[in-house]
Amino acid sequence: MYVWIWRHLPGPTALRVVEALVLFLAVVALLFFVVFPWLEPYLPFDRVTAG
Amino acid sequence: MPRLLARGVGQTLITLGVVVLLFVVYEVYVTDLFSGRKQDAATAELDHEWSAGSSAPASGTASPSSAASAASSTAGAAGADVVTVTNPDKLVTDPGRRTRSYETSAGQGFAKLYIPVFGPDYVYTVIEGTDPDDLDVGPGHYADTQYPGEQGNFAVAGHRVSKGSPFNQLGQLSSCDALVVETAADWFVYRVLPMQDETAGWKASAHAHCAGVAAGSGPYRGVFGREITDPADYAQVLPVPHRDSTAVPRDAQRMITLTTCHPQFSDAQRMIIHGVLVRSYRKADGFLPPELQES
């Protein structure tokens with residue numbers, strides 16, 4: 001998968017590195033802002049109330 | 001072909017590993033940032049509300065707005081640049097004669113919680129409600145429990161790990177440590193009850209700061225400063241802890257209860273802190289309760 005992405009990134013190597021970094025950061029942002037907040041309530045270490 | 005397959009599996013596993021690591025980073029650092037912002041916003045809103053003076057009582061001393069703004073300036077650094085009233089005894093009130101002068105709404109801050117032993121900058125705006133969204137902002141008040149200073153139980157839940165971890169250090173509290181609650185018009189000073197191993201032969205006079213703190217007797221027997229319980233143990237936050245009734249007895253004490261998860265990084269159990277009201281003051285211009293100086 002990563003090889004495929006690398007091959008399809010346009011431009012010279014230096015530009016590709018930057019593009020790959022941007023892609024990675026976009027995925028991290030998606031995880032931090034959307035996926036993890038959604039996932040959190042289902043995990044067993046965050047409940048602090050009694051009852 | 002097997003080689004391609006092996007590479008695919010390897011990449012997937014590495015990816016999953018990175019995602020799990022990112023989740024740890026998210027829990028431990030990123031939620032702190034998000035919650036810190038929400039807590040700051042809630043605090044600013046509460047300070048604004050208090051300085052507007054809409055809910056401040058006509059105390060007859062200074063103008064309500066200046067009193068409230070002096071109090072709100074303490075949010076960052078208690079004790080700094082604040083004139084302490086020389087005789088705090090004059091401000092001591094009978095909590096039974098104080099009536100709640102504010103309304104609360106879910107998700108909004110209505111009080112501040114100070115725990116001086118955790119340092120002069122330990123202050124959190126307490127939010128109404130214990131839904132996950134409320135607890136993201138700060139410690140949350142169990143909406144069907146009593147309010148600060150009232151007979152019964154002022155019960156508050158807070159995160160121990162992530163979301164700013166307001167209640168991370170509850171395990172370090174000792175008996176008689178002060179839990180100070182500031183509301184629109186009042187200061188309420190609670191103190192942690194004796195621990196289980198201290199109740200036998202408890203003498204309040206034998207410890208510093210313990211005046212007014214007694215080992216639980218009568219219906220309060222078996223209520224300790226710190227308890228580790230089952231997550232379903234809702235009776236901990238009822239007016240008389242452990243007693244399965246929502247009615248507030250006529251002679252009920254004025255309790256505070258803090259709940260958080262236990263052990264750390266798990267929520268298999270709950271840690272419960274019980275305290276009792278020992279003193280209350282009405283707010284006044286430039287006045288901070290002397291209990292805030294304890295460390």
Side-chain angles (χ1 to χ4, degrees), chain A, chain B residues 4 7-8 11-12 14-15 18-19 22-23 25-27 29-31 33-34 129-136 139-140 142 144 155-163 166-167 227 229-238 241 257-272:
Chain A
M1 180 178 76
Y2 297 115
V3 175
W4 184 89
I5 293 173
W6 183 257
R7 285 208 192 106
H8 285 76
L9 288 173
T13 307
L15 187 61
R16 284 188 191 187
V17 170
V18 175
E19 288 164 356
L21 197 66
V22 169
L23 270 182
F24 174 73
L25 290 179
V27 172
V28 169
L30 185 71
L31 288 173
F32 278 7
F33 289 98
V34 181
V35 180
F36 291 160
W38 165 83
L39 178 71
E40 225 177 0
Y42 300 100
L43 294 173
F45 53 79
D46 220 29
R47 287 180 283 253
V48 294
T49 55
Chain B
L4 204 63
R7 186 199 277 171
Q11 282 185 354
T12 307
I14 291 172
T15 306
V18 170
V19 169
L22 282 173
F23 184 72
V25 171
Y26 169 81
E27 274 297 314
Y29 299 106
V30 180
T31 61
L33 294 177
F34 291 168
T130 52
D131 289 342
D133 286 347
D134 304 325
L135 296 173
D136 274 3
Y142 289 79
D144 41 7
V156 179
H159 281 291
R160 188 167 185 192
V161 171
S162 80
K163 323 287 181 330
F167 283 0
E227 299 178 33
T229 69
D230 193 68
D233 191 4
Y234 187 72
Q236 293 280 1
V237 303
L238 290 175
T257 295
L258 311 179
T259 73
T260 193
C261 56
H262 185 83
Q264 201 176 16
F265 300 111
S266 163
D267 61 4
Q269 294 172 301
R270 297 290 180 274
M271 181 188 289
I272 313 287

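Residues satisfying the side chain to side chain contact (heavy atoms under 4.5 Å, CB included) criterion with A/P37, sequence neighbours excluded, are B/Y26.
The candidate from B/Q264, B/M271, B/Q11 with the greatest count of non-hydrogen atom pairs under 4.5 Å with chain A is B/Q11.
Between A/F36 and B/V30, the closest side-chain pair of non-hydrogen atoms is not below 4.5 Å.
Proximity to chain A involves both the backbone and the side chain of B/V19, based on heavy atoms less than 4.5 angstrom apart. For B/F167, no part lies near chain A; criterion is any non-hydrogen pair under 4.5 Å. Using a 4.5 Å cut-off between heavy atoms, B/T15 contacts chain A through both its backbone and its side chain.
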Throw together a table of side-chain donor-acceptor distances under 3.5 angstrom for residues 9-33 of chain A, partners on residues two or more places apart or in other chains.
residue, atom, partner, partner atom, Å
A/R16, NE, A/L9, O, 3.2
A/R16, NE, A/G11, O, 3.2
A/R16, NH1, A/W6, O, 3.4

